[in-house]
Amino acid sequence: MSVTDLSEVLKPVAEARGLPNDHYTSDEVFLAERDHLLFESWAGLTVAAEIPEPGDAIPVSFLGLPLLALRGRDNVVRVFQNTCRHRGMILVTEKGKVGNVIRCPYHSWSYALSGELKATPHVGGPGHNTHEEIKRDELGLIEIRSHVFMDVVFVNVSGNAPAFEDYASGLIDRWAEFDKPLYHGGGTSGFALNVACNWKLAVENYCESYHLPWIHPGLNSYSRLEDHYNIEEPGHFSGQGTLVYRSAITSDGRRFPDFEALSDKWDSGAEYIALYPNVLLGVHRDHTFSIVLEPVAKDRTVEHVNIYYAEPSAIGDEFTDMRDKAAGLWHEIFVEDIGVVEGMQVGRSGLYFDGGKFSPAMDGPTHCFHAWVASRLAEAPIAAE
């Protein structure tokens, strides 16, 4: 067993090599990246649209950690460990309304939607619902640090990351014009794709536009490779933008309403950014989307896609057909990427693959992500297979 050497990854893009194979094929490295990349950072868990009303809750297994995202009576989204403080029973097993309290199905210990322990029936013996050794104010649900941005519910499991506003400050500033209410399209505007690849390959592919002519010929026919530019914010995010975005217009002249007060940049521009570690975001003049990557295993990822619009009218019946068409187009584009990322996953079993040589002109955003991974792991050496 030898320690993985990531020094080649940390070199400038013109000299660097990509991450070694074991970062895609090793269970040990997968767990190390869980601890040092996903648990230590602000990682995407779900979207607030999944819990739109007070009392709504959704259980999420995040890399084996049982979590519960819920919307409180105060309309605030919170995330808790989905585990009763009594005997460790899972509290909520299905998405839905939990009512006024979260009740453990085992012994009926009950918690407020804000996490406080409220009821402990018979804890002091039959008919005695209190006991001097059961201090309710010390036995509330374990809250996981969370923040909602672009409707994505982010969590910092370790509690050690900077405040989200600092962690994502560059992107928050860059997209300040989209700091407005977002309206989920409902129905087909939310879908999931199961992909046989390591989660990082989905990030890497999304970051760059280099593959457009061959993988997305339809998209490239009007938003050409030469219309795109790289976006690189080392240590935080990377991606690509286009100077040619065409908003959808139907044969009868309908189009989605635009976000208000956007600068001229967005008249025909759009941007697609990976906010490290696992959230992919896209913004356009008339809609946005998010992709929360759920790392299931070293070679399996679920991509949770959700599409949003600028005005409440856009999610009404008048636009149902257009929302379905838009969702279908994005679904088609994202499916076109599956063969590529799954092919790269298989290729990472090539014994002599050395991480790959980056194009200094085209692969900057992907190298930016690799360097973030390597720098995060630099203080946490991993034993390679």
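Just so it is clear, the structure is predicted and the values come from calculations on it, not from any experiment.
We find that Glu233 and Arg174 are not joined by a salt bridge, their nearest charged nitrogen and carboxylate oxygen being 4.0 Å or further apart. The residues Asp317 and Arg323 are annotated as not salt-bridged, no charged nitrogen and carboxylate oxygen being separated by less than 4.0 angstrom. A salt bridge links Glu53 to Lys97: one of the charged nitrogens lies within less than 4.0 Å of a carboxylate oxygen.
Between Phe149 and Phe164, the distance from one ring center to the other falls under 6.0 angstrom. Within the 6.0 Å centre-distance limit, the rings of His284 and Tyr272 are counted as a close aromatic pair. Here Phe256 and Phe319 bring their ring centres to under 6.0 angstrom of each other. Between Trp266 and Phe259, the ring center distance fails the sub-6.0 Å criterion.
Between the side chain of Asp35 and the backbone N or O of Ala32 there is no donor-acceptor pair closer than 3.5 Å. The closest donor-acceptor contact from the side chain of Thr301 to the backbone of Trp199 lies under 3.5 Å. One N or O on the side chain of Asn129 and one on the backbone of His122 form a donor-acceptor pair closer than 3.5 Å.
The aromatic rings of Tyr276 and Trp372 lie tilted to each other, with the angle between the two planes from 30° to 60°.
As a member of the Ile/Leu/Val/Met/Phe/Trp/Tyr network built from side-chain separations under 4.5 Å, Trp109 groups with Leu68, Leu70, Phe80, Leu91, Val92, Val98, Ile102, Tyr111, Leu113, Leu117, Val123, Ile134, Leu139, Leu141.
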